[in-house]
Asker: 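Got a structure for you, written out below as structure tokens; questions coming shortly.
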Amino acid sequence: MTESLTDIIADLEDRDLLVQLAGGEGAREHLLSGSRTVYCGFDPTAESLHVGSMVPLLVLKRFQMAGHQPIALVGGATGLIGDPSFKSSERSLNSTDLVESWVEQLKPQLGRFLDFNCGSNSAILANNLDWTRDYDVLGFLRDVGKHFSVNAMIQKDSVKQRIDREGEGISFTEFSYMLLQSYDFSELNKRYSCSVQVGGSDQWGNITGGIDLTRRMHQQQVFGVTTPLVTKSDGSKFGKTESGTIWISPTKTSPYAFYQFWLNVADADVYTFLRYFTFLSTVEIEEIERSDREAQGRPEAQGILAREATRLVHGEEGYTAAARISQALFSGDIGRLTESDLAQLELDGLPCTQFEALPVGLVDALVRTELAKSNKMAREFISNKAVSVNGEVVSEADVELTGSQALHGQYLILKRGKKLFHLVKLPRP
RNA sequence: GGAGGGGUUCCCGAGUGGCCAAAGGGAUCAGACUGUAAAUCUGACGCGAAAGCUUCGGUGGUUCGAAUCCACCCCCCUCCA
């Protein structure tokens, strides 16, 4: 498999996915002259990865596609400590049980992006708890700690605000994080001859720490590649919507919601995101951009991005289901949906609530379906003409939902605002 | 252990006895305009239909009345030991 090496660095540069190379001039040459082992770590800070983690993860995949061997590392150990990099305040520690369960949930998510069965550059899944759990304190301080200068560590940008800024501080626990991540790199170098680490640009300090440590402990020159942190043109935070974080896990964010997230990406960001989040070639992406510019009206790019990203994360089936729901709900005529269309929407993961009996006041229904947080909000939405039932705007707060309105005697589609739908299911008459 | 500073509604941040459900900004939500964009404008933003009720780290207290005063406790920060 090593014979088909491509220039991964050129590819990353092309896609604006390369922020910095660490480890000196030799990095590109190193990657071009042979199949290398490349690692990227993901800390368990929740039960699922979110879209923000996709950039480095896909970069790892890009390395594999370019002929290198990827190691996806789950931070079973580092997740117990907490990375202080560019965090404005100390975080509270999660229990070991919790972190352990998150590790188990992250593993399959990481795995699905990489190929574990492709010969010499098959992916490896590792957990840094494996080599830190039984490391004794004195040994660690003597072998690893001795190589770090606190003077240098407090100069790092990543912890500067925690040290300089009035009103903030940093515990020794978090301060030690860098030692652990650095040690991971040197350990992976020893175990797997891993010579490249990929990470977001916020990981620069931790990566260079690992490069130095590996040189000191094993006399090996290793390298780092940092990827951009995804930002949005309007300055708001990437990966969050009104309903919260966009997760990879289908139980936390349905494929439909995931698809909608990408579909709603701003024009100003969409071509950048195509480069970051899809495997379409830059030539294809430029072509999309050109044709969008020439056509007036709605660009194609969001649809393509949504399709590609959803396929990557939720597979072809997830994508078709998501696209099918979107098509049904946004193409207008909700009243024309057939009974099986509606049943399919439910199966496809449109949020759905079973009601036991009718009539139910509309205000009540909005609260029960979580389309409104409180009765007060529900009333406000109704009076703003933001609520519709089966596609018909309802502006009277005291309206009751009755069985006779139900489509095919069984379903009601509630809509709040322009984009939020909820299926209400009634017992069969 | 000592000295000092601080903990306000999602976030930042005013408020230092009644006019405070608590300024201002941000975020968010809805509407108009649109392309399920962006920008802009309008409105909402503790709960309640309302009367009213519950909030300003916690618990008690002073007072006709407390986010504001007092006591104790918890947590954070800075400096000293």
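Computed over heavy atoms, backbone and side chain alike; hydrogens, waters and symmetry mates excluded. Numbers restart at 1 for each chain; the letters A, B, ... are given by sequence-line order, proteins then strands.
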Asker: Any strand is fair game: report the nucleotide pairing with B:A71 by Watson-Crick or G-U wobble, both distances under 3.5 Å, or none.
Answerer: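 Base-paired to B:U59.
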Asker: Can you list every pair that meets salt bridge (Lys or Arg N to Asp or Glu O under 4.0 Å) and has a residue in residues 351-375 of chain A, with sequence neighbours left out?
Answerer: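 Of all non-adjacent pairs touching residues 351-375 of chain A, none passes salt bridge (Lys or Arg N to Asp or Glu O under 4.0 Å).
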Asker: Judged by each residue's nearest nucleotide on RNA chain B, which is more toward the 5′ side, A:R298 or A:V387?
Answerer: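 The residue whose closest nucleotide sits nearer the 5' end is A:V387.
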Asker: Answer yes or no: side-chain N or O of A:Q260 and base N or O of B:U36 forming a donor-acceptor pair under 3.5 Å.
Answerer: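 In this structure, the two groups form a donor-acceptor pair.
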Asker: If I take atom NZ in residue A:K385 and atom C1' in nucleotide B:A32, what distance separates them, rounded to the nearest angstrom?
Answerer: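 A:K385 atom NZ is separated from B:A32 atom C1' by 12 Å.
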Asker: Between the base of B:G35 and the side chain of A:D267, is there any donor-acceptor pair under 3.5 Å?
Answerer: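 Yes, the side chain and the base share a sub-3.5 Å donor-acceptor pair.
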Asker: With both distances under 3.5 Å as the test, what is the Watson-Crick or G-U wobble partner of B:U36?
Answerer: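 When the pairing criteria are applied, nothing turns out to pair with B:U36, so the answer is none.
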Asker: Could you give the CZ-to-P distance, from A:R379 to B:G31, as a whole number of Å?
Answerer: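 These atoms are roughly 19 Å apart.
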Asker: Report the relative orientation of the aromatic rings in A:F172 and A:F175; use parallel for angles under 30°, tilted for 30 to 60°, perpendicular for over 60°.
Answerer: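 Ring orientation of A:F172 relative to A:F175: tilted.
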Asker: For B:A14, give its Watson-Crick or G-U wobble partner with both distances under 3.5 Å, or none.
Answerer: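 With both distances under 3.5 Å required, B:A14 matches none.
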Asker: Does A:Q203 form a side-chain hydrogen bond (donor to acceptor under 3.5 Å, both in side chains) with A:Q181? I'd like the steps, not just the answer.
Answerer: CA-CA 10 Å; A:Q203 293 300 306; A:Q181 185 167 331; 3.1 Å; yes
Asker: For the C1' atoms, the ones on B:C29 and on B:C45, what distance do you get once it is rounded to whole angstrom?
Answerer: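 About 8 Å, rounded to a whole number of Å.
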Asker: Quick one: look up who B:G43 pairs with, Watson-Crick or G-U, both distances under 3.5 Å, and put none if it's unpaired.
Answerer: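 Pair assignment: B:G43 / B:C29.
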Asker: Just compare B:A37, B:U36, B:C45 and give me whichever is closest to any side-chain atom of A:A266.
Answerer: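 So the nucleotide nearest the side chain must be B:A37.
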Asker: Grab the CZ-P distance between A:F273 and B:A38 for me, whole Å please.
Answerer: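 Going from CZ in A:F273 over to P in B:A38 covers 13 Å.
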Asker: B:A32 and B:A37: how far apart are their P atoms, nearest whole angstrom?
Answerer: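 Those two atoms are separated by 11 Å.
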Asker: Closest to the A:Q302 side chain: B:A44, B:U34, B:G35?
Answerer: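 Among the listed nucleotides, the one closest to the side chain of A:Q302 is B:G35.
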Asker: Taking the side chain as every heavy atom from C-beta outward, state whether A:Q109 and A:F42 have any pair of such atoms under 4.5 Å apart.
Answerer: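 Side chain of A:Q109 against side chain of A:F42, heavy atoms only: no contact under 4.5 Å found.
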Asker: Expressed as a whole number of Å, how far does the C1' atom of B:G13 sit from that of B:A67?
Answerer: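 Result for the C1' pair: 14 Å, nearest Å.
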Asker: Kindly point out which of B:A44, B:G31, B:C29 is positioned nearest to the side chain of A:R416?
Answerer: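 Nearest to the side-chain atoms of A:R416, counting from C-beta on, is B:C29.
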Asker: Of all the choices, B:G48, B:C45, B:A37, which nucleotide is nearest to the side chain of A:N264 once you look at every atom?
Answerer: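 From the listed options, B:A37 comes nearest.
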Asker: Expressed as a whole number of Å, how far does the P atom of B:U68 sit from that of B:U8?
Answerer: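 B:U68 and B:U8 have their P atoms separated by 14 Å.
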Asker: Whole angstroms only, please: what is the CG-C1' distance between A:L366 and B:A30?
Answerer: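 A:L366 atom CG is separated from B:A30 atom C1' by 13 Å.
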Asker: Kindly point out which of B:G43, B:A37, B:C47 is positioned nearest to the side chain of A:K419?
Answerer: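 Selected nucleotide (nearest to the side chain): B:A37.
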Asker: Could you check which nucleotide pairs with B:A23 in any of the strands shown, counting Watson-Crick or G-U wobble with both distances under 3.5 Å?
Answerer: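 The answer is none; no pair meets the criterion.
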Asker: Distance between the P atoms of B:A39 and B:G57, in whole angstroms?
Answerer: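 These two P atoms come out 36 Å apart once rounded.
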Asker: From the set B:G48, B:C45, B:G31, return the single nucleotide nearest to any side-chain atom of A:K418.
Answerer: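 So the nucleotide nearest the side chain must be B:G31.
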Asker: Could you check if a side-chain atom of A:T278 sits within less than 4.5 angstrom of a side-chain atom of A:I285, using non-hydrogen atoms only?
Answerer: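 The answer is yes, as the side chains (C-beta and beyond) meet within the 4.5 Å cut-off.
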Asker: Atom CD1 of A:I170 to atom P of B:C76: distance rounded to whole Å?
Answerer: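 Taking CD1 of A:I170 and P of B:C76, I get 15 Å after rounding.
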Asker: What's the CZ-C1' distance between A:F330 and B:G35, to the nearest Å?
Answerer: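 A:F330 atom CZ is separated from B:G35 atom C1' by 12 Å.
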Asker: Among B:G31, B:C45, B:U36, which nucleotide has an atom closest to any side-chain atom of A:K376?
Answerer: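 Out of B:G31, B:C45, B:U36, the nucleotide with an atom closest to A:K376's side chain is B:C45.
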Asker: Roughly how many Å apart are B:A27 and B:U34, using the P atom of each and rounding to a whole number?
Answerer: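 My reading of the P atoms in B:U34 and B:A27 gives 25 Å.
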Asker: Is there a donor-acceptor pair closer than 3.5 Å between any side-chain N or O of A:S48 and the backbone N or O of A:S249?
Answerer: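 Side chain of A:S48 to backbone of A:S249, a donor-acceptor pair under 3.5 Å: yes, one is there.
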Asker: Say you pick atom C1' in B:A23 and the same atom in B:C77; how far apart are they, in whole Å?
Answerer: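 Nearest-Å result for B:A23 against B:C77 at atom C1': 27 Å.
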Asker: Can you list, pair by pair, the side-chain donor-acceptor contacts under 3.5 Å of residues 315-323 of chain A, counting residues two or more places apart and other chains?
Answerer:
residue	atom	partner	partner atom	Å
A:E316	OE1	A:R311	NE	2.9
A:T320	OG1	A:E316	O	2.7
A:T320	OG1	A:E317	O	3.2

Asker: Students often mix this up, so state it plainly: with edges at 30° and 60°, are the rings of A:Y135 and A:Y183 parallel, tilted or perpendicular?
Answerer: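 If you compare the ring of A:Y135 with that of A:Y183, the planes turn out perpendicular.
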Asker: Separation of A:F381 atom CZ from B:U42 atom P, in whole Å?
Answerer: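 It works out to 20 Å between those atoms.
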Asker: Both A:N375 and A:S171 contact RNA chain B. Which one's nearest nucleotide lies toward the 5' end?
Answerer: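 This one resolves to A:N375.
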Asker: Check whether any side-chain nitrogen or oxygen of A:S326 sits under 4.0 Å from OP1 or OP2 of B:U36, and answer yes or no.
Answerer: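 No.
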Asker: Using the P atom in both, what is the distance from B:C53 to B:A21, to the nearest Å?
Answerer: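 It comes out at 11 Å once rounded to the nearest Å.
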Asker: Provide, to the nearest angstrom, the distance between the CD1 atom belonging to A:I382 and the P atom belonging to B:G31.
Answerer: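 After rounding, the reported distance stands at 13 Å.
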Asker: For the side chain of A:A386, starting at C-beta, report the closest nucleotide among B:U36, B:A30, B:C47.
Answerer: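 Taking heavy atoms from C-beta onward, the closest nucleotide is B:A30.
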Asker: For B:C79, which nucleotide in any strand shown is its Watson-Crick or wobble partner with both distances under 3.5 Å?
Answerer: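 Across any shown strand, B:C79 pairs with B:G2.
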